[in-house]
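Here's the structure, in structure tokens; my notes come after.
This one's a predicted model, so the numbers in the text were calculated from it and none came from an experiment. Order of the sequence lines sets the chain letters (A, B, ...), proteins ahead of strands, with each chain counted from 1.
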2 protein chains.
Amino acid sequence: MSAHPHPGPAFAQHNHAHCAHDALTRAEAITKEAGVRLTPVRRRVLEILLEEHKALGAYDVLARLAAEGFGNQPPVAYRALEFLVEHGLAHRIQRLNAFTACTHIGQAHAPAFLICRSCATVAEAEAAPARAALEQSAAALGFAIERTTIEALGLCPACRGAT
Amino acid sequence: MSAHPHPGPAFAQHNHAHCAHDALTRAEAITKEAGVRLTPVRRRVLEILLEEHKALGAYDVLARLAAEGFGNQPPVAYRALEFLVEHGLAHRIQRLNAFTACTHIGQAHAPAFLICRSCATVAEAEAAPARAALEQSAAALGFAIERTTIEALGLCPACRGAT
DNA sequence: CTTGACCTGTTATGATATTACATACATAGA
DNA sequence: TCTATGTATGTAATATCATAACAGGTCAAG
């Protein structure tokens, strides 16, 4: 169990170095637990995503990897990203065709994403109530939901303040 | 006002010819009202989308158009689709990079999409409660939502029944 | 019947993503 | 230790999705 069960949102001021380091530590625990390998490329991709609370395209990640001596073909990035998403270490933002590090690694969560259209920061919000509401609507139609994508575009607190 | 303010979901049995014809009639009213033109390409694209309650990729639509003598370059399809989305006659399904005809043309609505992973049918569900719940979560973080995308993947009633 | 706005078409290119296959690495069992 | 096996990485080639820029056509207001 962690001492930080509810880390603040990406919008809030925080010690980002600690936030990123903590995420990596958790990622190592998670992967070890699952019996899968957090290889150098995978780990590096997670680190890259953790540098900022933004979503990065696969090709952005790829460029970074290539510059550091990893392979420079798309599958290198896509495979690492897929691995991270599959193990809950990162999320795919459909609206942006991009990826962002999970800010709640190791915690059961079903996030909604809040995407600032001004600064591109992506935060995870609690989506359980929204999902429950949707579940209701769907059930009324006889539809069995398996996976839900909830993404909102708008303005983060900082960008609302700025003119 | 229509005699069918609450058409059934795409999953329900319905007279599809009537459903599609009705949608076109409404589309004509909407565009006339807005002072924009439902030109042949645009109208034809809407008809194509209305043929089934599925999402079609821009290039699928384009192929149909080209076969019918319209232009065969991507912008032809993208522009018509953009027009339809802009005027609420169709929706973009982010998850599929595809488009589907709106089943509630002319009604104020903020839909969630239910996508059957088996038969690919797309239905619109009521998303107002889910949006309200999300609005709550977002407000707590100081985030001002402008647009929300809600898409669920799962099994439609028919495909649940089938083994 | 001209003008201006908008629509359609085309070329070209950019951005995102996957398939297929070859090579290298880790590790468990002989 | 050796080697077989599964898994990971690297590369080439290609598929899929999307937009920019510009030329020509259509239509309706003046």
In the structure I gave you, are the side-chain heavy atoms of B/Leu141 and A/Pro9 within less than 4.5 Å of one another anywhere?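 Sidechains of A/Pro9 and B/Leu141: in contact.
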B/Arg42 or B/Asn72: which one's nearest nucleotide on DNA chain C is closer to the 5' end?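 The answer here is B/Arg42.
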So which one's nearest nucleotide on DNA chain C is more toward 5', B/Gly71 or A/Phe99?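 Per heavy-atom nearest nucleotide, the more 5' residue is B/Gly71.
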Could you tell me if A/Glu126 and A/His109 have a donor-acceptor pair between their side chains, going purely by distance under 3.5 Å?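 There is no such pair between these side chains.
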Please report, rounded to the nearest Å, how far the [atom2] atom of [N] is from the [atom1] atom of [X].
X       : N      : atom1 : atom2 : answer
B/Asn97 : C/dA15 : CG    : P     : 16 Å
B/Leu38 : C/dC6  : CG    : P     : 17 Å
B/Ile93 : D/dC17 : CD1   : C1'   : 16 Å
B/Phe83 : C/dT8  : CZ    : C1'   : 14 Å
A/Glu68 : D/dG10 : CD    : P     : 12 Å
A/Leu56 : C/dA15 : CG    : P     : 15 Å
A/Tyr59 : C/dA17 : OH    : C1'   : 6 Å
A/Leu62 : D/dG10 : CG    : P     : 11 Å

Could you check whether A/Arg79 gets within reach of a base, just the sugar-phosphate, or nothing at all, counting any heavy atom under 4.0 Å?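 Here A/Arg79 touches the bases of the nucleic acid.
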Between the two end axes of the helix from C/dC1-D/dG30 to C/dA30-D/dT1, each built from 5 base pairs, what angle do you get to the nearest 10°?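 What I find for the helix from C/dC1-D/dG30 to C/dA30-D/dT1 is an axis angle of 20°.
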Side chain to side chain donor-acceptor pair (under 3.5 Å) with A/Thr149: which of B/Glu151, B/Arg95, B/Gln94?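 When B/Glu151, B/Arg95, B/Gln94 are each tested with A/Thr149, the side chain to side chain donor-acceptor pair (under 3.5 Å) holds only for B/Arg95.
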Using OP1 and OP2 only, check whether a side-chain N or O of A/Tyr78 sits under 4.0 Å from C/dA17.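 The answer is yes; a side-chain N or O of A/Tyr78 sits under 4.0 Å from OP1 or OP2.
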Hey, can you tell me if A/His14 and A/His16 have their rings parallel, tilted or perpendicular (30° and 60° cut-offs)?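 Because their plane-to-plane angle is over 60°, the rings of A/His14 and A/His16 count as perpendicular.
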Take the angle between the ring planes of A/Phe11 and B/Phe143 and call it parallel below 30°, perpendicular above 60°, tilted in between.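 If you compare the ring of A/Phe11 with that of B/Phe143, the planes turn out parallel.
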If you look at every heavy atom in A/Ile145 and A/Ala138, which pair is closest and at what distance?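 Closest heavy-atom pair between A/Ile145 and A/Ala138: CD1-CB, 3.6 Å.
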Between [options], spot the one nearest the side chain of [X], thanks.
X       : options               : result
B/Pro75 : C/dG9, D/dG10, D/dT19 : D/dT19
B/Arg37 : C/dC6, C/dT16, C/dT18 : C/dC6
A/Thr39 : C/dG9, D/dT9, D/dA13  : D/dT9

Sequence neighbours excluded, every pair satisfying side-chain hydrogen bond (donor to acceptor under 3.5 Å, both in side chains) that has a member inside residues 134-145 of chain B: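 side-chain hydrogen bond (donor to acceptor under 3.5 Å, both in side chains) check on residues 134-145 of chain B returns no pairs.
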